[in-house]
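Residue numbers begin at 1 in each chain, while the letters A, B, ... track the order of the sequences.
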Amino acid sequence: MSETIRLVLPNGDAREVAAGTPAREVVASIGPGLLKAAIAVAVDGEVLDLTTPLRAGGAFVVLKESDPRSLAVLRHSGAHILATAVRRLRPDAKIGFGPAIADGFYYDFEVAQPFTPDDLAAFEVEMAKVAAEKYPFVRAEISRAEGEKVFADDPLKLERLAELGADEVISTYTDGPFTDLCRGPHVPDTSYLKNFKLLSTAGAYWRGDEKRQMLQRIYATAFWKKEELDKHLHQLEEARRRDHRVVGKQLDLFMMHHFAPGAVFWTDRGSTMVKTLMEFLRELQRDDYKEIMTPLLYNKGLWQISGHWDVYRENMFLVLDNETQEHDFSLKPMNCPSHHLMYAAKKHSYRDLPLRYNTYDVLHRNEVSGALSGLTRVRQFQQDDCHIYLMESQIADEVERLVRFITGYYDTFGLTATLKFATRPKERVGSDAMWDRAEAGLKAALDRTGRPYQLKEGDGAFYGPKIDFDVTDSIGRSWQLGTIQLDYSQPERFDLWYTGEDNTQHRPVLIHRAVSGSLERFMAILIEHFAGAFPVWLAPEQVRVIPIADEVMDNARDVTARLKAAGVRAVLDDRNETLNYRVRDGETMKVPYMAVIGKREAESGTLALRERGQGKKQDVIAVEAFIERVRSEIRTRALPAQATS
RNA sequence: GCUGACGUAGCUCAAUUGGCAGAGCACCUGAUUUGUAAUCAGGCGGUUGCGAGUUCGAUUCUCGCCGUCAGCUCCA
């Protein structure tokens, strides 16, 4: 025990202390003020609490509130305090796991009676008491036998205990009446938890395994500062306010029906938007892509070749063949096999590569009922899908093009993309040499774009490496949208060839590419990203013409007709309602422009323009000038001046 | 699929311990002709998701089905 370890402080100073010295003493030796502010420490990046005996030396950093890692410590302690409170009020609760997660923490309990919202409120009050009682978090390192005694009544903990290796340290943390099997680290005492909120309760399988029992999970969050908590809660509120299911109804974009679960009914307004998105994509792909349309329903023979029949059948809608009385047919869940059939139907020259087939065909995937959610998780959807057949030597150029294409598309919506480069997984097909080439090709292409990207080792598809595009929306949420996947496997399964310069047959390489993911989900993201206040080019109704009184109706009709003739989606609001009523309705429907026409405007060939979100501010401008302005905004796909809320 | 909550007019929501199912908005009709976020009056609108059961009587209680929502990955 007389061994000493060496700790190097951020300023370069070093401390030699006896192994086993609690971190607290080291911090205190640096300065008493620092000890007060310290939440935890990190040794070579490993976060430890102040009571932990230091066993190894290394870079020594004291974590204060300002360090993001300390927030995870607070939240983890919050989970223990939650369990402490629950145990007081529901002594029968068996404890599961209670980790910190991205935006807060949770704790899983096994209880005979599920928690109610009233329970949650009571737990929250009790947690505040536990915090006020200021119990220190006391770490203890114990033997397996002791552990079995301490957790004799907690079968879930015993299960975890039994899994711990013989050489692992078994530690517990105690705050007042509650002891948990826990690796730590924790804040010094329960009073550190001041700003927290219990959010929701839901079932969660023990160990995430659907074969195991269902536990009751309580989700919560905590922050150091009240303002941060309030901001977080406000953002949750904002997300609810923008919920595409609510906004979609308000703006009359789509509906769902229980006779077609997981499928979307687009209204004329919603379908106008979807068509506008497709037109935009078509324009971008006009020159270099071949848009094709292929069948939706296929004999299982196709799926046996593709491998879907074995590994994906659960997710496919099987269709009964009336003649054989067998489920010999299936709606397609993906486009690639159909595209391969089309490719294979002809001889291809190397001169024709890269050959890019793109489509908007409808796909069906039989998601389990509990997975469905609004437009973001559906059973029937359209992908802006593309399959590119090319020579290996063309990969780098092609991928570079695709990255520019996809990020450029997102830029149009003001969505910021983060790239993730996913490399070979453990389970994979193909030789190492093939993977070396594929990964090198993708990487070279990525580097050439100059875009930063994250490396996700081992996260690739089984048939090839891929680039995923994560997009951040206007309120900071992240969505996985586009993907570029290299595939050496399907060209073999489908026995695809091209004739090379040397007049022999070669295997093409395949790239799968999607930009929006599904158009349905992309619509959901756009609705929430813009909170329904779409850019003019995308808005289902671009201009609403509002005549003040019947005497100017003819003029208003004429202006509407001129707008329509200029390609503007204009609607005449000739309802027998007050001006105020119609202006309010236009604002509620988030129409970008309202063109109000009274006697003065009709006589002078102008209109009084009211812009969405600009309140009373109004410009009186000539009709022609306005038409030009709107056309220009449509043509340039201009974004709203600010993210309208 | 599993756990829990929920399902009342087109929409948002009411309806005391089981006792005639309501309101606002929307829609229709009429009046009003409006200068920038809801004009007034009248009217239409429901097998309370569907189907059983208990009961004199069910929106309410029980069961089954359908659907919606949250969650079921973030490793003591």
task = Any chance you could lay out the ring pair (Phe, Tyr, Trp, His ring centres under 6.0 Å) test for A/H76 and A/F105, step after step, and finish with the verdict?
result = CA-CA 7 Å; A/H76 184 192; A/F105 59 90; 9.4 Å; no

key: Intra- and inter-strand pairs of RNA chain B in dot-bracket (Watson-Crick or G-U wobble, both distances under 3.5 Å; | for another strand)   = (((((((..((((.....[..)))).(((((.......))))).....(((((..]....))))))))))))....

A/R544 and A/D585 ion-paired at < 4.0 Å = yes

ask   = Which of the following nucleotides, B/rC75, B/rU34, B/rU36, is nearest to the side chain of A/V596?
value = B/rU36

ask   = Between A/R245 and B/rC69, does any side-chain N or O lie under 4.0 Å from OP1 or OP2?
value = yes

task = Classify the side chain of A/E314 and the base of B/rG1 as holding, or not holding, a donor-acceptor pair under 3.5 Å.
result = no

request  = Name the nucleic acid region contacted by A/E601, choosing base, sugar-phosphate or nothing; use a 4.0 angstrom heavy-atom cut-off, strictly under.
outcome  = base

inquiry  = At less than 3.5 Å, do the side-chain atoms of A/R610 and the base atoms of B/rA37 form a donor-acceptor pair?
reply    = yes

ask   = OP1 or OP2 of B/rC74 less than 4.0 angstrom from a side-chain nitrogen or oxygen of A/Y106, does that happen here?
value = yes

ask   = Would you say B/rA37 has OP1 or OP2 under 4.0 Å from some side-chain N or O of A/K616?
value = yes

ask   = Would you say a side-chain N or O of A/T201 is under 4.0 Å from OP1 or OP2 of B/rA70?
value = no

message = Whether the side chain of A/Y205 and the base of B/rG71 hold a donor-acceptor pair under 3.5 Å is what I'd like checked.
response = no

request  = Write out all pairs satisfying side-chain hydrogen bond (donor to acceptor under 3.5 Å, both in side chains) with one or both partners inside residues 169-184 of chain A, taking only residues at least two apart or from two chains.
outcome  = A/D49-A/Y173, A/T84-A/D175, A/Y107-A/D180, A/R139-A/Y173, A/K157-A/D180, A/T174-A/T179

Distance below 4.0 Å between A/T578 side-chain N/O and B/rU39 OP1 or OP2 = yes

query = Touch check for A/A608, heavy atoms < 4.0 angstrom, all strands: base, sugar-phosphate only, or nothing?
reply = base

task = By nearest nucleotide on RNA chain B, pick out whichever of A/I548 and A/A371 is the more 5' one.
result = A/A371

message = Rounded to whole Å, please give me the gap between CZ in A/R377 and P in B/rA70.
response = 12 Å

inquiry  = OP1 or OP2 of B/rG1 versus the side-chain N and O atoms of A/S369: is any pair under 4.0 Å?
reply    = yes

request  = With the side chain of A/P99 defined as its heavy atoms from C-beta on, choose the nearest nucleotide among B/rU33, B/rG35, B/rC75.
outcome  = B/rC75

message = For a quick test of reading the model: is some side-chain N or O of A/N580 closer than 4.0 Å to OP1 or OP2 of B/rA37?
response = yes

Rounded distance (Å) that lies between atom P of B/rA38 and atom CD of A/E587 = 11 Å

message = Rounded to whole Å, how long is the line connecting atom CG of A/D119 with atom P of B/rG4?
response = 14 Å

query = Do NZ/NE/NH1/NH2 and the carboxylate oxygens of A/R241 and A/E237 come within less than 4.0 Å?
reply = no

ask   = Taking for each residue the nucleotide of RNA chain B bearing the nearest heavy atom, is the 5' side occupied by A/M256 or by A/G370?
value = A/G370

ask   = With distance as the sole criterion, is a donor-acceptor pair present between the side chains of A/R217 and A/Y219 under 3.5 Å?
value = yes

task = Run through A/L156, A/D92, A/D154, A/I95 and flag the one making a side chain to side chain contact (heavy atoms under 4.5 Å, CB included) with A/E110.
result = A/L156

ask   = Do other residues, nucleotides or ligands put more than 12 heavy atoms under 6.0 Å from the NE2 atom of A/H257?
value = yes

inquiry  = Can you tell me if A/K249 touches the phosphate of B/rG10, counting only side-chain N or O atoms and a distance under 4.0 Å to OP1 or OP2?
reply    = no

For atom CZ of A/F97 and atom C1' of B/rU73, their distance in whole Å = 13 Å

Below 4.0 Å: OP1/OP2 of B/rC72 and any side-chain N or O of A/Y219 = yes

message = Check this for me: does any side-chain nitrogen of one of A/E541 and A/K590 sit under 4.0 Å from a carboxylate oxygen of the other?
response = no

query = Can you check the A/R207 CZ to B/rC74 P distance for me, whole Å?
reply = 9 Å

